[in-house]
Amino acid sequence: MDAFHSSAKKPGGTPFGGQGYSDQFVRSVTQPLTTRGTRPLGSGPEAAQQLIATAEQQVAVCRTILEQFAPRVALLKGAVEHLKKPPAPAAPKKLGFGAKKPQAPARQAPGAGDRAMIESLAQRLAAKPDLLRRSEIALHQFADATLSVATAETRLAGIKELDPHAVPGELTLLELGKVQGKVHPICNFCEVFKDDEVLWQLFPPPHQTPAPRGSGRFSFGS
């Protein structure tokens, strides 16, 4: 059984079947706010509110896309980190009588299913250096897009407090087209990894349940 489709509650288990992941939906809804698009319809608060509402919708779509990819990107990031982690430190020396054992920093460990996926992905990346390189680029793109969307959300909240006459110019300076341009490649991860049966399942095409090329379905726990 494909571990990515066994439960919608587990990381990586949400199928990419919603329109928020569709490339066509991204292109049709997240149209960049160009100078023409931000030109005021009038000189009052209603025009500014309409422009802000459009910008908020575009940023919200970008956020939705990132949230849909986040669990799967987390698994890929875990695999890269697992592959590159330093060797385990030597066993600590025995402590003297009465000495307190130092506390390890608190960190939430992944579940058993996620660990199996991460280890399987790490083995795949170790065997294919080019796949590892593409994975690192994808992780950088996702991190950059996440930062850009968060920055846009913060700046947009401040624009809402401005004088209505200043809104069009500030929205133009916000350059939401560039933000969307950073999010759009995330939707194409299925193309980036389509030549690998393992990563292809991690990032399947929209509206499609992937099956591995070969006999049977791939399971990360196998």
d(Gln57 CD, Cys62 SG) to nearest 0.5 Å is 10.5 Å
Counting C-beta onward and ignoring hydrogens, is there a side-chain heavy-atom pair between Leu125 and Ser135 closer than 4.5 Å? yes
Basic-acidic side-chain contact under 4.0 Å: Arg134, Asp195: yes
Provide the closest heavy-atom pair for Ile159 versus Leu174 in the form atom of the first, atom of the second, distance. CD1-CD2, 4.3 Å
Looking only at heavy atoms, the pair that brings Phe142 and Ala70 closest together is CZ-CA, 3.8 Å
Taking Asp196 for its side chain and Leu199 for its backbone only, find out whether a donor-acceptor pair lies under 3.5 Å. yes
Would His82 and Gln123 count as a side chain to side chain contact (heavy atoms under 4.5 Å, CB included) if you check the C-alpha gap in whole Å, the side-chain angles of each, and the deciding distance to 0.1 Å? CA-CA 10 Å; His82 178 79; Gln123 293 175 6; over 6 Å; no
To the nearest 0.5 Å, what is the distance between CG (Leu171) and OG1 (Thr54)? 9.0 Å
Test side chain to side chain contact (heavy atoms under 4.5 Å, CB included) on Leu75 and Leu121; report intermediate values, then the result. CA-CA 8 Å; Leu75 292 175; Leu121 285 170; 4.2 Å; yes
Closest heavy-atom pair, Ala152 versus Leu176, reported as atoms and distance to 0.1 Å, is CB-CD2, 4.0 Å
Taking the side chain as every heavy atom from C-beta outward, state whether Leu202 and Leu76 have any atom pair closer than 4.5 Å. yes
Do you reckon Leu132 sits in the same ILVMFWY cluster as Ile137, going by side-chain contacts under 4.5 Å, direct or chained? no
Filter on salt bridge (Lys or Arg N to Asp or Glu O under 4.0 Å), then keep only pairs touching residues 136-158, sequence neighbours left out; what's left? Arg63-Glu153, Lys84-Glu136, Asp144-Lys182
Residue pairs meeting salt bridge (Lys or Arg N to Asp or Glu O under 4.0 Å), one or both in residues 156-171, sequence neighbours left out, come to Glu56-Lys160
Taking all non-hydrogen atoms of both residues, which atom of Leu66 and which atom of Thr146 are closest, and how far apart? CD1-CA, 3.7 Å
Residue pair Arg133, Asp130: steps toward the side chain to side chain contact (heavy atoms under 4.5 Å, CB included) verdict: CA-CA 5 Å; Arg133 180 185 62 82; Asp130 178 67; 2.8 Å; yes
Closest non-hydrogen atoms of Ala138 and Phe193, given as atom of the first, atom of the second and distance, are CB-CZ, 4.0 Å
If you take all heavy atoms of Phe203 and Arg72, which pair is closest and at what distance? CE2-CB, 3.9 Å
For Lys128, look at atom NZ and say whether over 12 heavy atoms of other residues, nucleotides or ligands are found less than 6.0 Å away. yes
Lys178 side chain near Ser148 side chain, heavy-atom distance below 4.5 Å: no
Rounded to the nearest 0.5 Å, how far apart are CD1 of Ile65 and CD of Gln180? 9.0 Å
Can you establish whether the number of heavy atoms outside Glu67 located under 6.0 Å from its atom CD is more than 12? yes
